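This report concerns only the one structure given below.
For reference, positions follow the sequence shown, starting with 1. Just so you know, these numbers come straight off a predicted model, no measurement behind them.
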Amino acid sequence: MRIIIRDDDTSFYTTPDRLEQVYGRLWQAGIPVSLAVVPYVRGDIQVLHREGTPYDPGIPPQYRGDATAHAVSENTALCAYLNEKIDAGLVEICQHGYHHAYHE
């Protein structure tokens with residue numbers, strides 16, 4: 001039996017610690033995960049379908065409302081971590097939008 005695990009919204013805001021908390025046990029068991037990465041995330045992206053939650057909850061509070069595009073490559077700790085997981089065959093990277101804006 002095979003399973004495919006795909007997780008959305010890895011971005012500049014993602015920490016290696018968070019990914020390890022979520023997927024560490026799977027990776028220890030040799031189970032790979034596909035991560036859908038946002039290449040240039042912005043903090044002003046609004047969640048149109050969640051009333052009372054104007055910004056994507058994955059955006060840290062200090063970045064909410066910020067229209068600056070943050071390249072995932074600027075998060076060097078995350079990139080180094082992901083490259084280790086890729087080399088180990090535990091992560092596959094998929095592109096997920098560009099800025100993570102709806103209808104892009």
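Within the structure, every pair that satisfies the side-chain hydrogen bond (donor to acceptor under 3.5 Å, both in side chains) test and touches residues 57-71, not counting sequence neighbours, is listed here: D66-T68, D66-H70.
In this structure, F12 and V38 have side chains that are not in contact, with every pair of non-hydrogen atoms separated by 4.5 Å or more. Using a 4.5 Å heavy-atom threshold, the side chains of V41 and D9 count as separate.
Shown here for Y13 and G58, the closest heavy-atom pair between the two residues is CB-O, 4.0 Å.
Residues satisfying the side chain to side chain contact (heavy atoms under 4.5 Å, CB included) test with V72, not counting sequence neighbours, are V37, L78. Considering only residues two or more places apart in sequence or on other chains, R6 meets the side chain to side chain contact (heavy atoms under 4.5 Å, CB included) condition with D8, S34, A36, H96. Take N75 and apply the side-chain hydrogen bond (donor to acceptor under 3.5 Å, both in side chains) test, not counting sequence neighbours, and it matches no residue. With sequence neighbours excluded, no residue forms a side-chain hydrogen bond (donor to acceptor under 3.5 Å, both in side chains) with Q28. With sequence neighbours excluded, the residues that form a side chain to side chain contact (heavy atoms under 4.5 Å, CB included) with S73 are A71. Listed by chain and number, the residues in a salt bridge (charged side-chain N to carboxylate O under 4.0 Å, His left out) with D44 are R42 (sequence neighbours excluded).
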Kindly indicate, with the supporting measurements, whether the criterion side-chain contact (heavy atoms from CB on, under 4.5 Å) is fulfilled by L26 and V33. CA-CA 8 Å; L26 292 175; V33 175; 4.3 Å; yes
Are Y23 and V91 close enough, and set up right, to give a side-chain contact (heavy atoms from CB on, under 4.5 Å), and what steps lead you there? CA-CA 10 Å; Y23 297 112; V91 165; over 6 Å; no
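Note that the CG atom of L19 and the CG atom of L35 stand 6.0 Å from one another [nearest 0.5 Å].
In this structure a side-chain-to-backbone donor-acceptor pair under 3.5 Å is present from W27 to L90.
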Identify each donor-acceptor pair in which a side-chain atom of residues 80-89 lies under 3.5 Å from a protein atom, sequence neighbours left out, and give them as a table.
{"from": "Y81", "atom 1": "OH", "to": "E20", "atom 2": "OE1", "distance (Å)": "2.4"}
{"from": "N83", "atom 1": "ND2", "to": "C79", "atom 2": "O", "distance (Å)": "3.1"}

